[in-house]
Amino acid sequence: MTNVAGHRGLLLVVSSPSGAGKTTLCNRLRAAFPRLGFSVSYTTRKPRKGEIDGVHYHFVDKATFAEMAAADEFAEYACVHGNNYGTSAKLVNAALSAGRDLLFDIDFQGGRHLKRKFADDIILVFILPPSLVELERRLRSRATDVEEVIARRLRVAREELRHYDEYDYVIVNDNLDRAFDALRAVYVSALHRRARQRVAAQAVLSGQQVLLIGTMGEGYRVAPAASFSVEPRDGGQEER
Ligand code: ADP
Ligand code: 5GP
């Protein structure tokens with residue numbers, strides 16, 4: 001049995017103003033789809049309580065970040081809320097060519113850059129809070145940032161919200177379960193786009209068997225099928 005996914009990985013970008021719930025939603029999606037990788041960004045921001053280097057972010061100093069940017073090691077990078085954040089180019093290229101899907105929790109500048117670079121392989125989702133008042137409540141209830149940081153994040157939230165228009169899908173995160181169902185539906189739909197199913201269709205046509213992987217058919221393998229009683233016609237033209 002050979003693993004012939006035969007398509008490039010899918011890049012799933014999730015953006016929102018800080019506090020709208022994208023980390024929570026991304027974590028749930030990753031738990032539901034273990035084959036979905038996560039793009040761990042590089043940042044000059046200091047770790048929050050509970051954040052682990054290499055898991056949540058690669059925490060680097062400003063000099064290291066600048067060297068990496070100069071050496072073209074980022075697929076995109078941006079300054080967000082006064083800190084630098086960047087996406088590893090190596091990770092993205094490796095995932096694309098290995099047919100591995102990658103989830104990104106990045107801001108609208110990052111989404112815009114990746115869309116330009118990888119237009120055929122990307123889906124962009126914007127998470128909206130139900131209101132600005134609720135956004136503020138969530139930022140405070142998360143209790144991970146000092147007042148000055150919260151105030152700065154709220155100041156730029158309105159500006160960030162305007163960029164919803166550059167995204168393929170917009171999900172209002174009022175009720176977490178409902179928002180998660182919508183995000184999962186977007187990902188599952190993207191997996192079933194025709195371009196990603198060509199190898200499966202060709203395999204069936206050539207008499208092989210397609211074995212779906214994962215509860216939602218996140219991938220597939222192709223294996224020889226038991227013998228088929230009707231020989232395919234040459235050239236595949238069927239009379240009707
Ligand atoms: P972001 O990653 O967008 O900054 P988080 O995922 O950290 O946001 O969520 C911010 C806070 O809001 C967290 O405390 C989280 O538990 C909470 N939260 C997320 N979604 C909802 C929701 N639908 N209803 C109420 N609280 C939520
Ligand atoms: P936080 O400091 O709350 O973890 O993230 C702040 C913002 O930076 C969030 O909007 C997050 O999506 C964004 N971000 C995280 N990593 C990257 C990245 O690699 N590139 C870009 N452009 N934004 C990022």
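This one's a predicted model, so the numbers in the text were calculated from it and none came from an experiment. For ligands, and for the atoms within them, numbers begin at 1 and follow the listed sequence.
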Closer than 4.0 angstrom, basic N to acidic O: yes or no for Arg178 and Asp181? no
Can you tell which part of Tyr77 has a heavy atom less than 4.0 Å from ligand 2: side chain, backbone, both or neither? neither
Looking only at heavy atoms, is any part of Arg45 under 4.0 Å from ligand 2, and if so is it the side chain, the backbone, or both, or is it neither? side chain
Taking atom NZ of Lys115 and atom CD1 of Ile122, what is their separation to the nearest 0.5 Å? 8.0 Å
Does the N or O separation between Asn175 and ligand 1 drop below 3.5 Å for any pair? no
For Gly110, atoms of ligand 2 separated by under 4.0 Å from a heavy atom: 22 (N)
Sidechain N-carboxylate O distance under 4.0 Å for Arg196, Asp121: no
Yes or no: does Lys22 have any heavy atom under 4.0 Å from an atom of ligand 2? yes
Rounded distance (nearest 0.5 Å) linking atom CG of Asp107 with atom OH of Tyr85: 9.0 Å
Does Asp105 form a salt bridge (Lys or Arg N to Asp or Glu O under 4.0 Å) with Arg30? I'd like the steps, not just the answer. CA-CA 12 Å; Asp105 172 341; Arg30 290 167 67 196; over 6 Å; no
Among Tyr42, Phe74, Tyr57, Tyr85, which one has a heavy atom closest to atom 2 (O) of ligand 2? Tyr85
Polar proximity ligand 2 side, His81 side, N/O cut 3.5 Å exclusive: no
State whether the side chain of Gln197 and the backbone N or O of Leu191 hold a donor-acceptor pair below 3.5 Å, judged by distance alone. yes
Specify side chain, backbone, both or neither for Val80, according to which of its non-hydrogen atoms lie closer than 4.0 Å to ligand 2. side chain
More than 12 heavy atoms of other residues, nucleotides or ligands under 6.0 Å from NE2 of His58: is that the case? yes
With a cutoff of 4.0 Å, is Ile127 in contact with ligand 1, counting heavy atoms of the residue only? no
One thing to verify: whether Glu147 and Arg140 come together as a salt bridge, which I'm taking to mean a side-chain N less than 4.0 angstrom from a carboxylate O. yes
Taking the six-membered ring for Trp, are Tyr42 and Tyr77 ring centroids under 6.0 Å apart? no
Nearest-option assignment for atom 8 (O) of ligand 1, heavy atoms, candidates Pro17, Gly21, Ser15: Gly21
What's the spacing between His81 NE2 and Arg152 CZ if we round to 0.5 Å? 8.5 Å
Quick one: look at Lys46 and ligand 2, take heavy-atom pairs under 4.0 Å, and tell me if it's side chain, backbone, both or neither. neither
Closer than 4.0 Å to some heavy atom of Ser18 - which atoms of ligand 1 meet that? 4 (O)
What atoms of ligand 1 come closer than 4.0 angstrom to any heavy atom of Ser16? 3 (O)
Checking a contact table here: which protein heavy atom is nearest atom 13 (C) of ligand 2, and how many Å away? Asp107 N, 3.7 Å
Location of contacts on Arg48 toward ligand 2, heavy atoms closer than 4.0 Å: side chain
Students often mix this up, so state it plainly: with edges at 30° and 60°, are the rings of His163 and Phe108 parallel, tilted or perpendicular? parallel
Regarding Lys117 and Glu76, does a basic nitrogen lie under 4.0 Å from an acidic carboxylate oxygen? no
Starting from atom 16 (N) of ligand 2, what is the nearest protein heavy atom, named by residue and atom, and what distance separates them? Ser41 OG, 3.1 Å
Which residue supplies the protein heavy atom nearest to atom 20 (N) of ligand 2, what is that atom called, and how far is it? Glu76 OE2, 2.7 Å
Nearest 0.5 Å, what's the OH-CD distance between Tyr187 and Glu218? 6.0 Å
Ala179 touching ligand 1 at heavy-atom level, < 4.0 angstrom: no
Is the shortest side-chain N to carboxylate O distance from Arg193 to Asp120 below 4.0 Å? no
Would Cys26 count as a contact residue for ligand 1, given that I'm defining contact as a non-hydrogen atom of the residue lying under 4.0 Å from a ligand atom? no
Applying a 4.0 Å heavy-atom criterion (strictly less than), which segment of His113 is in contact with ligand 2: side chain, backbone, both, or neither? neither
Between ligand 2 and Ser15, can you find any atom pair, the residue atom being a heavy atom, that is separated by under 4.0 Å? no
So for ligand 2, is Gly86 a polar contact partner (N or O within less than 3.5 Å, distance only)? yes
Any N/O pair Glu134/ligand 1 closer than 3.5 Å: no
Polar contacts were defined as any N/O atom of the residue lying under 3.5 Å from an N/O atom of the ligand; does this apply to Asp105 and ligand 1? no
Close approach, Gln109 and ligand 2, non-hydrogen under 4.0 angstrom: no
